[in-house]
Structure formats: structure tokens, C-alpha cells
Amino acid sequence: MSSLDKHAMAALVARDIEPGSYVNLGIGQPTLVADHLPAGAGIVLHTENGMLNMGPAATGDAVDPDLTNAGKIPVTELPGSSYFHHADSFAMMRGGHLDVCVMGAFQVSAGGDLANWHTGDPDAIPAVGGAMDLAVGAKSVYVMMTLFAKDGSPKLVPSCTYPLTGLACVDRVYTDRATFLITPEGVVVRETFGITFEELSERLDVTLLRP
């Protein structure tokens with residue numbers, strides 16, 4: 001099996017979300033998870049700009065420029081959708097009402113620390129959005145990212161070198177090369193794609209555990 005593309009990664013994340021969950025999908029690749037959720041599972045999508053029960057991405061005649069997710073991507077609405085002020089939306093996030101949040105990341109540490117809002121580059125524009133609220137407010141935090149940066153450096157690291165979004169908040173990491181569980185015992189490799197456990201161990205500075 002080769003490495004996964006972003007759609008296959010999104011399908012893996014969608015597979016692991018329990019029916020009936022309330023879920024927030026971060027901007028970027030995590031928004032693709034909406035397109036892979038099984039119909040009838042009762043999974044309710046929340047977006048911090050003020051919408052509950054969001055549907056998959058909109059295409060063609062279904063596009064409504066006033067109906068977007070937090071990443072400004074046109075989306076559809078499902079029966080029972082509701083709209084509200086973003087302050088109420090953030091209260092939902094901070095109040096522990098979300099079962100799962102799926103976010104992208106620049107780095108995740110072996111202890112589950114999350115860095116996903118700024119690389120520290122002086123020319124970069126910080127854009128934390130609701131990430132900090134989601135990282136500490138959601139019951140489970142899943143990260144969806146490529147395992148290696150463009151320069152080949154790993155994004156799963158012993159400790160984050162970028163500014164932190166949240167401490168010890170990540171539960172699972174879904175990448176194009178492997179899926180990892182962040183546990184009290186350490187980083188567990190649940191499954192690999194186009195790479196062996198031994199090759200992963202050689203390329204990462206993190207101690208890996210078999211399931």
C-alpha cells in the first residue's frame with residue numbers, strides 16, 4: 001500500500017467518529033471529513049462561525065455565498081440546521097459540548113502538545129482563530145496532517161518547537177504514512193501506509209510502540 005492522499009486520510013478520520021457525535025472540523029484538510037461521514041450516522045457538524053448540522057461541501061447550483069464554514073468554503077445544510085452568533089458558537093466550544101475536533105497541525109509532540117497556528121516565521125501572519133478554544137474544549141482532538149514537512153523534517157516530534165496551541169490535548173494523529181494514538185504509555189502506531197514500523201522508527205525521533 002502506498003501513502004494516503006488527503007481524501008483517504010479524511011475517510012479514515014470519518015470512519016473513527018462515533019455515530020451521534022458533535023464534531024468541529026478545522027480549516028484546510030479536515031474539512032474533507034464532512035464528505036466521508038456515513039449518511040444516517042447522526043453526526044452533527046459544528047462550525048465556529050455560527051452553524052450547527054452543517055452538510056458536505058457545496059458544488060454547482062448548491063453553492064450559497066452566504067453559507068460557508070470557518071474556512072470560507074461553501075457548504076450545504078442538513079435538515080435541522082441552525083444558525084447563531086459566533087459568541088454562542090465559542091461558548092459551545094469552551095463549554096465541553098463537542099465530542100471531537102479535527103484539526104491540522106505544524107507539529108504534534110509525543111506528549112500530545114499541539115502547534116498549529118504559527119511557525120514562528122517573522123513574515124508569517126498568526127491566525128489562531130478558534131484553535132485554542134477547540135484544543136481545550138473538545139472531548140477528543142484528532143489531528144490530520146502529512147507526517148513530514150516539505151523539507152523532509154517530521155511533524156511528529158519529541159517536543160514542539162513552534163508556538164503551542166494546547167498542551168497534552170491531542171488523542172490521535174492521522175497522517176499520509178501512519179495513524180498514531182497518543183496514550184499515557186507513549187505513541188502507538190495503529191497502522192502504516194507505504195512504510196514499515198521499522199522505517200518509521202528510523203525517520204522519527206519519537207519512541208514508537210506497536211499496538
Side-chain angles (χ1 to χ4, degrees), residues 6 9-10 13-14 16-106 108 112-119 124-145 162-174:
K6 58 187 179 180
M9 291 164 57
V13 177
D16 288 345
I17 296 176
E18 294 290 333
S21 296
Y22 286 81
V23 180
N24 181 284
L25 303 177
I27 63 174
Q29 291 186 0
T31 61
L32 298 175
V33 173
D35 299 331
H36 297 276
L37 294 172
I43 295 172
V44 177
L45 295 182
H46 163 278
T47 178
E48 57 261 43
N49 57 328
M51 182 179 180
L52 201 62
N53 213 21
M54 176 180 70
T59 58
D61 294 339
V63 172
D64 180 344
D66 293 323
L67 190 61
T68 64
N69 62 21
K72 308 304 180 186
I73 296 173
V75 294
T76 55
E77 56 185 357
L78 298 179
S81 294
S82 59
Y83 307 92
F84 33 83
H85 194 278
H86 68 270
D88 297 314
S89 186
F90 271 72
M92 294 179 191
M93 292 153 54
R94 295 167 180 162
H97 302 290
L98 296 177
D99 297 301
V100 177
C101 173
V102 185
M103 291 193 280
F106 297 128
V108 175
D113 299 336
L114 172 67
N116 78 340
W117 69 280
H118 195 24
T119 62
I125 300 175
V128 69
M132 289 182 176
D133 304 270
L134 290 165
V136 300
K139 296 173 184 174
S140 295
V141 175
Y142 297 171
V143 164
M144 179 180 167
M145 66 181 187
Y162 293 147
L164 291 178
T165 306
L167 290 170
C169 57
V170 177
D171 299 284
R172 300 182 184 181
V173 181
Y174 296 81

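Quantities reported herein were computed from a predicted structural model and do not represent experimental measurements. Excluded from the calculations below are hydrogen atoms, water molecules and symmetry mates; all remaining heavy atoms, backbone and side chain alike, are included.
Taking the salt bridge (charged side-chain N to carboxylate O under 4.0 Å, His left out) definition, one finds that Lys139 meets it with Asp99, sequence neighbours left out. Listed by chain and residue number, Asn49 satisfy the side-chain hydrogen bond (donor to acceptor under 3.5 Å, both in side chains) test with Thr47 (two or more places apart in sequence, or in another chain). Taking the side-chain hydrogen bond (donor to acceptor under 3.5 Å, both in side chains) definition, one finds that Asn24 meets it with His46, Glu48, sequence neighbours left out. Scored by the side chain to side chain contact (heavy atoms under 4.5 Å, CB included) test, Glu77 finds Met51, Leu67, Ser81, Tyr83 as partners (sequence neighbours excluded). Partners of Thr165 by side-chain hydrogen bond (donor to acceptor under 3.5 Å, both in side chains), not counting sequence neighbours, listed by chain and number: Asn116.
To the nearest 0.5 angstrom, Ile43 atom CD1 is 4.5 Å from Leu37 atom CG. The CG atom of Asn69 sits 8.5 Å away from the CG atom of Leu25 when rounded to the nearest 0.5 Å. Going from atom CG of Asp171 over to atom SG of Cys101 covers 10.5 Å, rounded to the nearest 0.5 Å. Here CE of Met93 is found 10.5 Å from NE2 of His86. Values are rounded to the nearest 0.5 Å. Taking OH from Tyr174 and CG from Asp16, the interatomic distance works out to 3.5 Å, rounded to the nearest 0.5 Å. From Met145, atom CE reaches atom CZ of Phe106 across 11.5 Å, with rounding to the nearest 0.5 Å.
When all heavy atoms of Ser21 and Glu18 are compared, the closest pair comes out as OG-O, 2.7 Å. The shortest non-hydrogen separation linking Gly26 to Thr31 is O-CG2, 3.2 Å. Contact record, Trp117 with Met132: NE1-CE, 4.0 Å, taken as the closest heavy-atom pair. Shortest non-hydrogen contact noted between Ala34 and Leu45 is CB-CD1, 3.6 Å. Across Ala135 and Gly166, no two heavy atoms sit closer than the pair CB-CA, 4.4 Å.
Here the side chains of Val141 and Leu134 are not in contact, with every heavy-atom distance at 4.5 Å or above. Side chains of Met92 and Phe84 form a contact here, defined as non-hydrogen atoms less than 4.5 Å apart.
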Can you give me every donor-acceptor pair (side chain of residues 53-65, partner residue at least two apart or in another chain, under 3.5 Å) with its distance?
| residue | atom | partner | partner atom | Å |
| --- | --- | --- | --- | --- |
| Asn53 | ND2 | Pro79 | O | 2.8 |
| Asp64 | OD1 | Asp66 | N | 2.9 |

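Without hydrogens or angle criteria, Asp113 side chain to Leu167 main chain gives no donor-acceptor distance under 3.5 Å.
Sparse packing is recorded around CD1 of Ile27, with 12 or fewer heavy atoms of other residues, nucleotides or ligands lying under 6.0 Å away.
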